[in-house]
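These notes concern the structure reproduced below.
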2 protein chains.
Amino acid sequence: MKISELARLARSNAETIRYYEREGLLSKASRSESNYRIYTAAHLERLIFIKHCRNLDMTLGEIRTLLRFKASPEENCGEVNRLLDEHIEHVVRRIGELQELERQLRDLRECCPDGRQAAACGILEGLSQPSLEKTPGNHVPGVHASFANNINKS
Amino acid sequence: MKISELARLARSNAETIRYYEREGLLSKASRSESNYRIYTAAHLERLIFIKHCRNLDMTLGEIRTLLRFKASPEENCGEVNRLLDEHIEHVVRRIGELQELERQLRDLRECCPDGRQAAACGILEGLSQPSLEKTPGNHVPGVHASFANNINKS
DNA sequence: GCTTGACCCTGTAGCGACTCAAAGGTTTTA
DNA sequence: TAAAACCTTTGAGTCGCTACAGGGTCAAGC
Ligand SMILES: [Zn+2]
Ligand SMILES: [Zn+2]
Ligand SMILES: [Zn+2]
Ligand SMILES: [Zn+2]
């Protein structure tokens, strides 16, 4: 099959598939006479696997590790289980950060229940106070970014 | 003061400050004879405001809006309050997505409580099943990315 | 006076995981 | 036969920084 059919079957899209090939997640497809990529059922299976992992918010690095284990079925899967445990920890930690964030935001929101002049807005005022800085290791964009981003000193 | 002192006082760093200037969040500093940026207390105040907003995981776009209101104190702050409500919604939605993710990950983890051969690993097997696709609008990297990213068709 | 080191500047590239568009080649359909 | 619908490569854009590289400036110590 050609790339757009593979994309349709995996509910992915062609550009993502080419990207995965560049990144080495998907092995290079064979080519037709006119240089079109030709895929097999094995490619589809692998792409679906990747998609499931991405649905679970794993990084491509984590997925690469899982794929290595899929490729060597005789090895012990302890590392797979450990990877999943760690990833669960990534998600749990991020949930905690966001819950703390929600608390802070709701506190702030209560500073201005009604519409006033901006000069008297409790929210703008609250954001100007130096007291808000207590947040520990937050403002993390993604589930993983808490580790990548927090190499800042702050 | 020069840029690194501003950075120290705001617990930020010089490169970020220059980036904010490029992005128009911080007004251009005046320059010394030797072309160094020279900052005032007003810059510090504004930078601290920005930092608080970032600590609350707002985007630079959201922050830009808030800064506009700070700059025009006679306007009604209803839009500020609305922006905050929407941002709280961003966070709440992301928490929900991540909780669903955590459930799915824990389900998957239970498929392989012990270390086996990778060929028999319940996790690798679970990820290969086509059943996992139920997740609705997920695999979203950040609090906001759920809106930016989900313009994909999937 | 001279060197060292700590600053400062601009400009560019990189991160992750794509997404989009340009500019062209091929295949299918009307 | 011509238009539409594919396919190809390449390069740039997203977000919020961070990290160079390759320079200029400045204060202190010798
Ligand atoms: Zn993870
Ligand atoms: Zn208000
Ligand atoms: Zn928001
Ligand atoms: Zn296992």
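First the proteins, then the strands, lettered A, B, ... as listed; each starts at 1.
Where the helix from C:dG1-D:dC30 to C:dA30-D:dT1 starts and where it ends, the local axes point in directions that differ by 30°; five pairs per end, rounded to 10°.
Without hydrogens or angle criteria, B:D57 side chain to A:L101 main chain gives no donor-acceptor distance under 3.5 Å. Checking side-chain atoms of A:N81 against main-chain N and O of B:D114 turns up a donor-acceptor pair under 3.5 Å. Checking side-chain atoms of B:T40 against main-chain N and O of B:A42 turns up a donor-acceptor pair under 3.5 Å. Remark: the backbone N or O of B:L98 is not paired with any side-chain donor or acceptor of B:R94 at under 3.5 angstrom. Side chain of B:E100 to main chain of B:E97: no donor-acceptor pair is present (N/O by atom type, distance under 3.5 Å, no hydrogens or angles). A donor-acceptor pair is defined here as one N or O able to donate and one able to accept, closer than 3.5 Å; no such pair exists between the side chain of A:K70 and the backbone of B:L124.
Rounding to whole angstrom units, CD1 of residue A:I63 and C1' of C:dA17 are separated by 10 Å. Put simply, CD1 on B:I3 is 13 Å from P on C:dC7, counting in whole angstrom units. Atom CG in B:D57 sits about 10 Å away from atom P in D:dC17, given to the nearest Å. Between B:Y39 atom OH and C:dC9 atom C1' there is a gap of 11 Å when expressed in whole angstrom units. Per the geometry, CD1 belonging to B:I38 stands 14 Å off P belonging to D:dT25, to the nearest Å. If you measure from atom NZ of A:K51 to atom P of C:dC18, you get 10 Å, rounded to the nearest angstrom. Taking atom CG on B:N55 and atom P on D:dC17, their separation rounds to 10 Å, with Å as the unit. Atoms CG (B:L6) and P (C:dC8) sit 10 Å apart, rounded to a whole Å.
Residues from residues 17-25 of chain B that place a heavy atom under 4.0 Å from any atom of DNA chain D, listed by number: B:Y19, B:Y20.
OP1 or OP2 of C:dT26 has not a single side-chain nitrogen or oxygen of A:R31 nearer than 4.0 Å. At the phosphate of C:dA17, neither OP1 nor OP2 sits under 4.0 Å from any side-chain N or O atom of A:T16. One finds a side-chain N or O of A:S4 lying less than 4.0 angstrom from the OP1 or OP2 phosphate oxygen of D:dC7. Taking only side-chain nitrogens and oxygens, A:R8 never comes nearer than 4.0 Å to OP1 or OP2 of D:dC6. Proximity of B:R37 to the phosphate of C:dC8: no side-chain N or O atom is located under 4.0 Å from OP1 or OP2. Phosphate contact (OP1/OP2 of D:dT18, side-chain N/O of B:N13, threshold under 4.0 Å): present.
Annotation: salt bridge (Lys or Arg N to Asp or Glu O under 4.0 Å) contacts involving residues 75-85 of chain A, sequence neighbours excluded, comprise A:D85-B:R109.
Side-chain contact check for B:R37 versus B:K28: every heavy-atom pair is 4.5 Å or farther apart.
B:Y36 and B:L6 are members of different hydrophobic clusters when ILVMFWY side chains are connected at heavy-atom separations under 4.5 Å.
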Is there any protein nitrogen or oxygen under 3.5 Å from a nitrogen or oxygen in nucleotides 27-30 of chain C, and what are the pairs?
| from | atom 1 | to | atom 2 | distance (Å) |
| --- | --- | --- | --- | --- |
| C:dT27 | OP1 | A:S34 | OG | 3.1 |

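Judged as a side chain to side chain contact (heavy atoms under 4.5 Å, CB included), and not counting sequence neighbours, the contacts of B:R8 are B:E5. Listed by chain and number, the residues in a side chain to side chain donor-acceptor pair (under 3.5 Å) with B:R46 amount to none (sequence neighbours excluded).
The existence of a salt bridge linking B:R106 and B:E110 is excluded, since no basic side-chain nitrogen approaches an acidic carboxylate oxygen closer than 4.0 Å.
Across the interface with DNA chain D, nearest-nucleotide mapping of B:E15 and B:G61 shows B:G61 to be the residue nearer the 5′ end.
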